[in-house]
Amino acid sequence: MKTLIQFINETQADFQYATGEFTRLLNDIGIAAKLVNREINKAGLADINGYFGSTNIQGEEQKKLDVFANDCFLSAMRYGGMVCAVASEENDELYTYENAFSQKGKYVVAMDPLDGSSNIEVNVPIGTIFSIYRRKGVSGPGTVEDLLQPGNQQVASGYVIYGSSTMLVYSTGNGVNGFTLDPSVGLFLLSHPDMRIPEGGNIYSINEANYIYFQQGVKNYLKYCQQDDKSTNRPYTTRYIGSLVADFHRNLIRGGIYIYPGTVKNPNGKLRLLYECNPIAFLAEQAGGKASNGYERILDIQPTELHQRVPFFVGTSHMVEMAEKFMREYAE
Ligand code: P6P
């Protein structure tokens, strides 16, 4: 079995930023993931399951593991010196490294250190999502402008899923590869080479409790999914874990569409463009799938603020295209 580092070294010839620095950055992310994995695995045992007593920019209670994961990734990237700034769901403002070593870093990172953390108590898979860009400036502290780049400028993105096994799935723009952590040796081993989203998806993932608040195009697409038409493999089946990384990972392997649409209450939906939608969209496209806000390609959206939200349709290409057809027909 090939280790993550062996794989990166072997494939970096295909990667335009083939430098030891990028290898170091991905390795730093892997190290932090292992530390977070260890804490998650004992969450039920340690008094770490409670609340930290603070809230993040979304006004959500921060669980201790949210804060622990954020600190792990920020520290790991500090000591690597490859990253000059990080936009994190857990930090209201851009996190910039003050040490001169990091300020020479060529990269900036947007991340959700522990997405779906409300599932910790019920032992449902949760995840870390990361997105990597080259900084625009040359030196000094990273700036918000370094992060406000469209997703089509990402040099890499990936996620860690802390589930029945812990996996690191990432892309540098040459396909998607998955690595499973072997805890007995503490190494991520290549277990899912060249991951592709199956074209024949028939799973849709959406929180239908919000149905009455959906736009008509979304409602009509859901009715399309539920119609009986064996020639198009319908009715589809529905699966919704309530953890983006887990729902996307399943659809990446089995095919399907995940939707978090806008509603009358929240026209831009819930998910954040920089550290949830862009990195997942990059992976989806690299695996042969699609990602849009219902009308346009996610990766072409020009961000205007660090924590902005966008409606999100991602997965098997023909399913996303069909959803977009209904959205266009009933554009409101
Ligand atoms: P709802 C978790 O909070 C998250 O950001 C995603 O991981 C997940 O898919 C979604 O929100 C769940 O949101 O409103 O359905 O509970």
Side-chain angles (χ1 to χ4, degrees), residues 33 36 40 43 49 51-52 54-67 69-70 87-91 110-131 157-163 166-167 169 203-215 218-219 222 238-254 256-281 283-284 289 291-294 298 306-315 319-320 323:
V36 172
I40 286 173
N49 231 358
Y51 284 82
F52 199 65
S54 55
T55 60
N56 65 17
I57 191 168
Q58 282 74 32
E60 294 162 345
E61 285 283 343
Q62 285 183 289
K63 290 186 170 299
K64 283 180 181 176
L65 271 175
D66 284 314
V67 178
N70 198 42
S88 168
E89 185 195 37
E90 298 306 328
N91 295 90
M111 72 172 178
D112 187 348
L114 208 53
D115 179 75
S117 55
S118 57
N119 289 303
I120 295 171
E121 288 95 338
V122 295
N123 222 354
V124 162
I126 52 183
T128 297
I129 311 171
F130 60 89
S131 170
S157 81
Y159 60 80
V160 183
I161 178 168
Y162 310 98
T166 295
M167 282 188 68
V169 177
I203 297 172
Y204 68 96
S205 308
I206 189 170
N207 186 342
E208 292 195 69
N210 299 320
Y211 182 85
I212 60 171
Y213 304 115
F214 290 157
Q215 294 162 303
V218 176
K219 291 178 178 178
L222 294 182
T238 183
R239 291 285 185 276
Y240 191 70
I241 299 171
S243 178
L244 169 61
V245 170
D247 277 314
F248 177 75
H249 186 72
R250 182 205 50 248
N251 291 349
L252 173 60
I253 292 172
R254 298 209 173 137
I257 185 171
Y258 169 97
I259 304 173
Y260 208 104
T263 63
V264 290
K265 290 190 294 183
N266 302 304
N268 291 320
K270 175 182 183 182
L271 301 184
R272 278 58 58 120
L273 175 60
L274 259 63
Y275 42 77
E276 289 171 322
C277 301
N278 269 337
I280 296 295
L283 293 171
S292 92
N293 63 2
I298 286 287
L306 295 182
H307 300 283
Q308 78 183 73
R309 302 171 193 264
V310 290
F312 197 37
F313 299 67
V314 62
M319 299 180 84
V320 174

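Since we're looking at a predicted model, the values are computed, not measured. Ligands are counted one by one from 1 in listed order, and the atoms in each one are counted from 1 as well.
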Counting from 1 in the order shown, the ligand 1 atoms closer than 4.0 Å to a non-hydrogen atom of Glu276 are 5 (O)
Provide the number and element of each atom of ligand 1 under 4.0 Å from a heavy atom of Gly116. 2 (C)
Minimum heavy-atom distance between Ala110 and Leu274, given as atom pair plus value: CB-O, 3.6 Å
Do you know which two heavy atoms are closest between Ala291 and Val314, and how far apart they sit? CB-CG2, 3.8 Å
Flag [X] as yes when one of its N or O atoms lies below 3.5 Å from any N or O atom of ligand 1, and as no otherwise.
{"X": "Tyr258", "answer": "yes"}
{"X": "Tyr260", "answer": "yes"}
{"X": "Leu271", "answer": "no"}
{"X": "Lys270", "answer": "yes"}

Interatomic distance, Asp247 atom CG to Ile241 atom CD1 [nearest 0.5 angstrom]: 4.5 Å
Regarding Thr263 and Asn210, do their side chains bring together a donor and an acceptor under 3.5 Å, going by distance alone? no
Hey, which of Ile203, Ile206, Ile280, Leu244 is the one that makes side chain to side chain contact (heavy atoms under 4.5 Å, CB included) with Tyr258? Leu244
Below 4.0 Å, non-hydrogen atoms only: which portion of Asp115 touches ligand 1? Side chain, backbone, both or neither. side chain
Under 4.5 Å between any side-chain heavy atoms of Ile298 and Asn278, yes or no? yes
Option passing side chain to side chain donor-acceptor pair (under 3.5 Å) with Thr128 (candidates Tyr162, Tyr275, Tyr159): Tyr162
Students should be able to answer this: which protein heavy-atom is nearest to atom 15 (O) of ligand 1, and at what distance? Tyr240 OH, 2.6 Å
What protein heavy atom lies closest to atom 6 (C) of ligand 1? Include the residue and the distance to one decimal. Leu244 N, 3.5 Å
Tell me whether Ser243 reaches ligand 1 (any heavy atom closer than 4.0 angstrom to a ligand atom). yes
